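Because the structure is predicted, anything quoted here is derived from the model rather than measured. Only this structure's heavy atoms are used, side chains among them; waters, hydrogens and symmetry mates stay out.
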Amino acid sequence: MSADLILASASPRRLALLAQIGVVPARVVAPDVDETPLKAERPRDYVLRVAMAKAAAVARADGEVVLAADTSIALGTRILGKPTDEADLVRMLGLLSGRRHHCLSAVAVIGTDGKMRTRLSDTLVAFKPLTDADIQAYVASGEGMGKAGGYAIQGRAEAYVRRIDGSYSGVVGLPLFETRTLLATAGIILG
């Protein structure tokens, strides 16, 4: 018998991505976790720490598995989280314009045995040079608010991506290869 899955995320994108691999959580819980980067924290360490904190913040019963994830954009050692306002979004898009960056997506699963397991997806994304008009139109669309790095690759921003090397689903917010592997290890039966 398959264990019950708790998705520790309020993200509709993560729920939809799980459905793509035939997984429907028994419960969805939005954990309350401080996502502020620590001083001098490296981007990889940051996303893993936040994903693990989200998983640990959710109460689970015997026989339940918790899945949490965190996605951030790394430009060198700089972590680009979610924009705080439109001016911050303009700043982020300006930083990404014409450059390559890493989209880091960490997955943390607490299995029925209580053990936490993690995986990290690192996808290289190259943006085309953005004009002021590109940036203003994207900001006006509202799509970039609430998204790591200020863009949604599954939406209008895909037209700005020259190249991607890695996991498309990881850039959306949940790398399915890594997620499926962790869920199978944790006792979630996948078709």
Side-chain angles (χ1 to χ4, degrees), residues 2-38 41 43-74 79-86 88-89 92 103-121 123 141-155 157 167-188 190:
S2 181
D4 285 336
L5 178 67
I6 303 168
L7 174 60
S9 174
S11 167
R13 293 166 303 284
R14 289 191 178 120
L15 198 57
L17 285 166
L18 282 174
Q20 284 182 220
I21 59 171
V23 175
V24 178
R27 290 190 294 138
V28 176
V29 178
D32 185 20
V33 171
D34 181 4
E35 297 186 29
T36 306
L38 303 174
E41 188 171 28
R44 289 171 175 269
D45 298 333
Y46 167 75
V47 293
L48 282 165
R49 177 181 61 82
V50 173
M52 290 188 297
K54 289 177 181 179
V58 173
R60 66 174 189 81
D62 287 342
E64 289 183 318
V65 173
V66 176
L67 166 69
D70 190 64
T71 300
S72 284
I73 301 303
I79 298 168
L80 300 182
K82 298 171 186 169
T84 56
D85 55 27
E86 287 187 356
D88 196 30
L89 177 54
M92 286 184 184
C103 179
L104 302 170
S105 197
V107 181
V109 170
I110 300 176
T112 55
D113 59 1
K115 182 178 177 184
M116 174 119 38
R117 296 168 179 88
T118 61
R119 289 281 178 105
L120 178 69
S121 168
T123 301
S141 77
E143 183 179 270
M145 295 306 295
K147 309 292 189 306
Y151 74 92
I153 196 169
Q154 71 277 19
S167 171
Y168 179 85
S169 61
V171 180
V172 176
L174 188 67
L176 292 179
F177 176 80
E178 290 80 358
T179 299
R180 190 176 196 286
T181 300
L182 286 174
L183 290 177
T185 302
I188 301 294
L190 303 164

Could you report the tightest heavy-atom contact between [X] and [Y], atom names first, then the distance?
X    : Y    : value
V47  : S72  : CG1-CB, 3.5 Å
C103 : G170 : SG-O, 3.9 Å
T181 : T185 : O-OG1, 2.9 Å
P43  : A74  : CB-CB, 3.6 Å
A186 : V65  : O-CG2, 3.5 Å
E178 : L120 : OE2-O, 4.4 Å

Contact check, side chains of E35 and Y46, non-hydrogen atoms, under 4.5 Å: yes
Got a second to check how far [X]'s [atom1] is from [Y]'s [atom2], nearest 0.5 Å?
X    : Y    : atom1 : atom2 : answer
I188 : T112 : CD1   : OG1   : 8.5 Å
R60  : D4   : CZ    : CG    : 12.0 Å
R119 : F177 : CZ    : CZ    : 6.5 Å
L104 : I73  : CG    : CD1   : 7.5 Å
E64  : L5   : CD    : CG    : 9.0 Å
D45  : I79  : CG    : CD1   : 9.0 Å

Please list, one pair per line, the donor and acceptor atoms closer than 3.5 Å that link side chains of residues 49-56 to other protein atoms, with sequence neighbours excluded.
from	atom 1	to	atom 2	distance (Å)
R49	NE	E41	OE2	2.7
R49	NH2	T36	O	3.1
R49	NH2	E41	OE1	3.0
K54	NZ	A69	O	3.0
K54	NZ	D70	OD1	3.2

I'd like to know if the side chain of [X] reaches the main chain of [Y], judged simply by a donor and an acceptor atom lying under 3.5 Å from each other, with no hydrogens or angles considered.
X    : Y    : value
S105 : T71  : no
K147 : E143 : yes
S169 : L176 : yes

Partner residues of D113 under the salt bridge (Lys or Arg N to Asp or Glu O under 4.0 Å) criterion, sequence neighbours left out: R117
Within 6.0 angstrom of D62 CG, more than 12 heavy atoms from elsewhere: no
Side-chain atoms of residues 12-26: list all donor-acceptor pairs with protein atoms under 3.5 Å, sequence neighbours left out, distances to 0.1 Å.
from	atom 1	to	atom 2	distance (Å)
R14	NE	G173	O	2.7
R14	NH1	S9	OG	3.4
R14	NH2	G173	O	3.3

Evaluation steps, side chain to side chain contact (heavy atoms under 4.5 Å, CB included), between V172 and I153: CA-CA 6 Å; V172 176; I153 196 169; 3.8 Å; yes
